[in-house]
Structures are given as structure tokens and as C-alpha cells.
Amino acid sequence: MYNILGEVCSLLIGFTFFIFIVSSYYLKEKRNLLFLMCSICIIFTAGSDILSCWGIENYRTVDPVLNEIISFCYFLGLGVLPFAFCLYFYATITSDKKLSWKFHGLLMSLFAVYLAVIILNFWTGWVFSFDPQIGYVRGPLKNITYVITVTMILLLEITVIRYRKTLSPRMFIVLVLYPIVSAFITMIQFFNEYWLMTGCSGSIVLILMYIAIQSDKIEIDYKTGLYTEQHLARTLKRKANNCKISLVSIENLEVIADKYGQTVLARVLYNLVRSFRLNIHGNYYRYGAKFILVSDKGSLADFEDEIFKAFERYNKNLAKEGTGINLDFLAATVCMPEDVDDYDEALVILNELSSRARSNGHTVLIHSDDEFMNSYKREKQILQILERELTFDSKQFQIFYQPIYSIKTGKFEYAEALSRLNNTELGNISPGEFIPIAEKHGLIGRLGMIVFEKVCDFISRNKELVNAVSVNFSVQQLTNPYISDFVLDTIRHNGIKPENIVIEITESTFIDDFEMICMRMEEIVKSKIVFYLDDFGTGFSNFANVIRLPFTTIKIDRSFVLMMEKDPQMYQFVRNLILTFKQAKRHILVEGVETKLQDDFVRRAGVDYIQGFLYSKPIPENEYIDVLKRQLLPR
């Protein structure tokens, strides 16, 4: 008599997995097909074990040939089950083609030997036979199933140990537990034949494998086999005393995806990460379309050298396979705790390093050094100052005014408002430094609104002297759907006229959304505020746009002034350009005039307004008021 409860449970488990996999999995993927095959093998093995038990117990009434066939299926299942699991586990462990033929060759040889013995058993009775009087009889090779199974598992375990770096901790534990579970269940059945548990070892391991896969799916990106970003902060806390962090990106991902497709790209990335894990010690994490490598071994130079060699080695393998793919990469590295103390700052620095490398012509390897860290720390300090000082009442964030001279009246008709950040803990910070930082960190819109409010307040306090002030508007300001309301409300609040305000914009403003900017301009122009086109000639200018848009004045960039001074032909070109604009009823303002010779050139060219150091540098509001007062004095 036998107890078949374990096999019944295994049969139900295998059948449940079969139904679930067929209905849920994308079966074109190799690993999913092998997982399905494992569940089918459990059904086959447990089912044939139950039937063979029935045949053995009823050998007097069951046809001996049928009994032989049923028992043959049972023993076949005993060989197929570890064979299927080894195939599946190998596909999970690695896709190393060098080892693949060796592993699969040995596995197939073992299974072929076992299959030959089982088939020959019909004539030899080496494994089992049925005696008409006593029934089921075990043959001299009855333990071949144990020998073959143990050999297959040992082959698998050697592979597991070799490729342990490519596995998640859960998956490694499951694969190590497989022989232990199998051995334990085999021992129960070997020493106590009452319990039939052949399918139990497979079903239990399949359950463990499935749980590990589902658990890893929460924490691991299966396209690359990398831990998700949520684990990185915890790892950095553990390794904060001494580690190197590298942000690695594949720069030609889009090209590869377009040429070869997403499936090929996913396989390339998956194998790349496995290759890295085999060659570079560390922890790996997915970060968007990039991955992060954290290592506490060796020096920074050695670490970067390993990364370079890993890519070089992988690209050579791709070339040997004839894929035609070559990965262009960029790796940015920081060290803890020398450069950075926490996770968030590490990512900021890594992304900043990567951006600088790309802007400098795609450096393959880049790491933080003293020059970079000093620059980064200064930028961080300036950002903190901006966040603190971008308020209406700030004494450090000031507005200077550069008077603009009118050729027609011979006076300063109005001025351009220019931002200044003075008397801070870092001293005076130039606009060329703090404005790009404000743009980079999303503060340029806030900066522009504070400037506008301060200018309107200045005009309000000096209505009898100030005719108009021009204010530079950024793309962020003009794409704000509430900008028209803000401008008009601020003007009304300060009790000034729309005619007191001039808005300056560069033509680069239109690059991203021409129609929206045009619509905003038209809304604002209706209130009698005028627009100037700033920096004409800096590379973005389009004559058709200049004529089409409601600009009253065109500001010609200083670069034209310098060219006019050096090249007579350029002088004639600018003169004709000014004549063309005037025919289109546009006024011309030229900026950057610093010498008498330049002044003579622009006057003869026919400009209407002049702005430059020759006439006045940007000055504080009290000095500008003094300039306007002096203009009123009789000569």
C-alpha cells in the first residue's frame, strides 16, 4: 500500500501553474516556455506515479503490458523532471554562449544515457519488471534515477556558483535549496516507501521559484536584471564610509532601438549587465534608461579602468556575434564620502558630471575632481542665495538701470532694467553666473516676476522723471497662461501706465512654441505695452518672424558693432539692414557701443537709439534718477 496524498497535491499544484502560465505569460519568451515545461513535467511525473501505484497494487487484474508502460512513463518522468528544471534554471542564471553548449551537451548526454536504460528495460528488466506471481520487482539498476538526478543537480549547482553574481539573493537561495529539498524528499521516499513524493520536490521548488520571481519583480527590473532605484539609498547608507558610485549610460540607445527593435535592445542591455556583474564587483541598480554601479573595492582609477574594459570586452563579443551593434557609453563617477554624503546629492552630481561630459564632446569616463566640486559647491551656494533673495524686499537682489540714448532728442529716453545680486556672502555675483543657474533650476520665471514688480514700483515712485523702462522676459514667463493678468495687475497696482513698460524678448524664445508666444504677445500689446526684439543677430534671427511679430524696436547685438568696425563691407550690410527695418516701420537700437569710433559708425548707419558703456554703464536706481534730473537742468 502507498500514500499518494503528496502526489495528488503535486498534481494539483502543477495543473494550477499550467493554467495560470498559459493564461498569463507571454509564452514567446524562452524562460516562460521553460517554466511552462516544468509545470507540465510535474503533472506528468505526479500523474504517472499515481497510476503506477495503482498498477502495482492491482498487478493481478491489470494487463502486465499496460503496467510496464505506466511504470515506464513514471521512470521517464523521474528523468525528465530534473532535466526540465536544469534547463529552466540555466536560462535564468545566464545566457553565456561559451558555456551553453558544454552545459546543454552534458545535460543531454546524461538524459540520453538514462533514456536508453529506461527504453532497454522493456527487454532487460534492469530497472524494474513485473512477475506474474509477486508483481513489481526492482532491477539491479533501480537507483539509476537517483544517480542521474544527483549528477544533473551537481552540474546545475556548479553553474549557479560560477554565475552567483548575476543572481538576486532570493534566486540564489532558491537554486541552492533545490538539491537540498530534492535530497530531503528523496531520502523520505528511499527509507520509507509508503510515501510517494516524487513530484513533491519539483512542485515545492517551482513554488519557491515562482515566489522568488514575483518578489523580485517588485524590486528588480527584469529587462536588465537590476535592482530598482529604491534600494540605492539604503545601499549608500551602508557603504557611506568608502565607496565609488558610477552612473553609466548608453548614449546610442535610440539609434539601436530604431535600427534593431526594442526586443534586441532589451536582450543587449540584459546581457550587458550580466557581463558587468561577472567582471566588476559591486551592486547594480536601474536608474531610468541608465544604470548605477556601487563598488567599495579598489581605487577610483582601477574602477574606471574596469568599466572601460568591461565595455570594450562586451563590444568585442557583440562584434564576434555579427550583430553590427557597438555600444557608445558614458560613465560618471563620484566617491563617498569625499565628494558626497547622501543619495540625493550623489544623483545630482552624477547627472551634472554627465551633462558636462556631453557638452564637452562626449568624454567616455568622467569623475568628480577638486575643480568640479568647487564649481558645484559654488553653484549650490548661489542657488541657496537665489532661493533666499528672490523676493520683492531683498536688498541683495537689486535692479540696475542702463540708460538708452535717443539720437533724435539727444537725451536718455528710457533705460533697460538689469538684475544684480550684490553684497552676498560670496560677494557680488554677476548675472552671467546667477541667471544660468536660475534657468537651470527653474527659478527664472520667479526672478522675472520679481524684476517686473521692482521696476513697476521704481517707476511708480519716480513718475515725474521716468518715461519708460524695458524689462527682459524669459520663455517661462511668456508661456505662463496667467502672464497677461500678472503684467496688467502689477501695472494697475502701482498706478502707472502701460506705456511706461517695454518688454524685451529674444527670438530664441519662439523656438519651442511660436504660436503660443505670439498669442501671449498679442494679448499684452492690446494694453498698449510695446515689445522690443532683443539680441538680433545672435544666431536665431529670422527676418520673416521679425516683420510678422508686433515689435516696435529691433535691438542689434554688439557683435554687429564689432564687425562694422573691422569690415567696411559689414558696415554697408548693417546699414542696408537698418534701412530695411525702417521701411518696415521698426526703430533700431544698437547695444554695446563703447568707443567714439563705434559711436560714429552706428550713427552714420542710421540707428535711432544707442546703449553702451560709452554713454553709461548699468547704474543703481538713485544714480539713474540723478542722470534724469541733470537732463532737466538748463544748458
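Residue numbers count from 1 along this sequence.
- Annotation: His104 is in aromatic contact with Tyr90 [ring centroid separation under 6.0 Å].
- The minimum heavy-atom distance between Leu330 and Ala357, with the atom names listed, is CD1-CB, 3.7 Å.
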Practice prompt. Check the pair Lys555, Glu416 against salt bridge (Lys or Arg N to Asp or Glu O under 4.0 Å), reporting the backbone distance first and the verdict last.
Written response: CA-CA 12 Å; Lys555 286 185 74 170; Glu416 179 181 4; 3.0 Å; yes
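- Defined by atom type and a distance below 3.5 Å, a donor-acceptor pair is missing between the side-chain atoms of Thr424 and Arg388.
- Inter-residue side-chain proximity for Phe551 and Ile505 is flagged as met; some heavy-atom pair is nearer than 4.5 Å.
- Without hydrogens or angle criteria, Ser246 side chain to Val248 main chain gives no donor-acceptor distance under 3.5 Å.
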Worksheet item: Which is it for Leu265 and Leu253 under the side chain to side chain contact (heavy atoms under 4.5 Å, CB included) test, yes or no, and what are the steps along the way?
Response: CA-CA 8 Å; Leu265 178 62; Leu253 273 181; 3.4 Å; yes
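- More than 12 heavy atoms of other residues, nucleotides or ligands shown are found within 6.0 angstrom of CD on Glu425.
- Without hydrogens or angle criteria, Glu453 side chain to Ile450 main chain gives no donor-acceptor distance under 3.5 Å.
- Between Asn422 and Ile429, the closest side-chain pair of non-hydrogen atoms is not below 4.5 Å.
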Practice prompt. Please step through side chain to side chain contact (heavy atoms under 4.5 Å, CB included) for the pair Leu353 and Leu247, ending with a clear verdict.
Written response: CA-CA 9 Å; Leu353 277 168; Leu247 178 62; over 6 Å; no
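- Looking only at side-chain heavy atoms (C-beta outward), Leu443 and Glu387 come within less than 4.5 Å of each other.
- Closest non-hydrogen pair, Arg520 versus Ile483, comes out as CD-CG2, 3.6 Å.
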Discussion item. Go through it in stages, so that I can follow the logic: the residues are Phe473 and Glu504, the test is side chain to side chain contact (heavy atoms under 4.5 Å, CB included), and I'd like the CA-CA distance, side-chain angles, deciding distance and then a yes or no.
Written reply: CA-CA 6 Å; Phe473 269 38; Glu504 292 191 21; over 6 Å; no
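- To the nearest 0.5 Å, atoms CD (Glu389) and CD (Gln398) are separated by 10.0 Å.
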Discussion item. Applying side chain to side chain donor-acceptor pair (under 3.5 Å) to Asn351 and Ser354, what does each step give before you reach the verdict?
Written reply: CA-CA 5 Å; Asn351 281 302; Ser354 298; 5.4 Å; no
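- Taken from CG in Leu365 to CD1 in Ile307, the straight-line distance is 6.5 Å, to the nearest 0.5 Å.
- The side-chain heavy atoms of Leu589 and Ile554, taken from C-beta on, include no pair separated by under 4.5 Å.
- Between the CD1 atom in Ile245 and the OH atom in Tyr285 there is a gap of 10.0 Å [rounded to 0.5 Å].
- Contact detail for Pro618 and Phe400: the closest heavy-atom pair is O-CD2, 3.5 Å.
- Classification of Lys440 and Glu352 as a salt-bridged pair holds, one side-chain N sitting under 4.0 Å from a carboxylate O.
- Judged by distance alone, the side chain of Asp557 and the main-chain N or O of Phe536 form no donor-acceptor pair under 3.5 Å.
- Here Asn279 contributes atom CG and Arg313 contributes atom CZ; the two are 4.0 Å apart, rounded to the nearest 0.5 Å.
- The residues Glu594 and Lys617 are annotated as not salt-bridged, no charged nitrogen and carboxylate oxygen being separated by less than 4.0 angstrom.
- The two residues Pro403 and Gln611 make their nearest non-hydrogen contact at O-CG, 4.3 Å.
- Between the side chain of Gln402 and the main chain of Ser616, a donor-acceptor pair closer than 3.5 Å is present.
- To the nearest 0.5 Å, atom OG1 of residue Thr479 and atom CD1 of residue Ile517 are 5.5 Å apart.
- Taking CZ of Phe452 as the reference point, atom CE of Met449 lies at 10.0 Å (rounded to 0.5 Å).
- Residues Glu345 and Lys380 are paired through a salt bridge, judged by an N-O separation under 4.0 Å between the basic side chain and the carboxylate.
- With hydrogens and angles left out, the side-chain atoms of Gln598 and Glu565 include a donor and acceptor closer than 3.5 Å.
- At least one cation-pi condition fails for Arg286 and Phe291: the charged atom is not both under 6.0 angstrom from the six-membered ring centre and inside a 45 degree cone around its axis.
- For the pair Ile435/Ile437, no side-chain contact is recorded, criterion being any heavy-atom separation below 4.5 Å from C-beta on.
- Although no hydrogens or angles enter the test, the distance criterion places no donor-acceptor pair under 3.5 Å between the side chain of Asp567 and the main chain of Met563.
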Discussion item. Working note: Ile385 + Leu421, criterion side chain to side chain contact (heavy atoms under 4.5 Å, CB included); need CA distance, chi angles, decisive distance, verdict.
Written reply: CA-CA 9 Å; Ile385 293 170; Leu421 198 55; 4.0 Å; yes
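- Not a single donor-acceptor pair under 3.5 Å links the side chain of Ser394 to the backbone N or O of Thr391.
- Within 6.0 Å of atom CD in Glu371, 12 or fewer heavy atoms from other residues, nucleotides or ligands are found, so the atom counts as exposed in its surroundings.
- Side-chain contact between Asp296 and His281 is present, with heavy atoms from C-beta onward closer than 4.5 Å.
- In summary, Glu306 and Lys244 do not engage in a salt bridge, as defined by a charged side-chain N under 4.0 Å from a carboxylate O.
- Proximity of a side-chain donor or acceptor of Asn252 to a complementary backbone N or O of Asn326 within less than 3.5 Å is detected.
- Nearest heavy atoms, Ile524 versus Ile503: CG2-CD1, 4.0 Å.
- Looking at heavy atoms from C-beta onward, Lys454 lies in side-chain contact with Phe392 at the 4.5 angstrom threshold.
- By the 30° and 60° cut-offs, the orientation of the rings of Phe276 relative to Phe311 is perpendicular.
- A donor-acceptor pair shorter than 3.5 Å cannot be found between the side chains of Arg420 and Asn428.
- Evaluated for a side chain to side chain contact (heavy atoms under 4.5 Å, CB included) with Glu379, the options Glu433, Gln384, His441 yield exactly one hit, His441.
- With respect to the salt-bridge test (charged N to carboxylate O, under 4.0 angstrom), the residues Arg558 and Glu591 do not qualify.
- Within a 6.0 Å radius of CG in Asp370, no more than 12 heavy atoms belonging to other residues, nucleotides or ligands are found.
- For the pair Phe531 and Pro550, the tightest heavy-atom approach, listed with the atom from each and the gap, is CB-O, 3.9 Å.
- With contacts defined as side-chain heavy-atom distances shorter than 4.5 Å, the pair Val471/Val451 qualifies.
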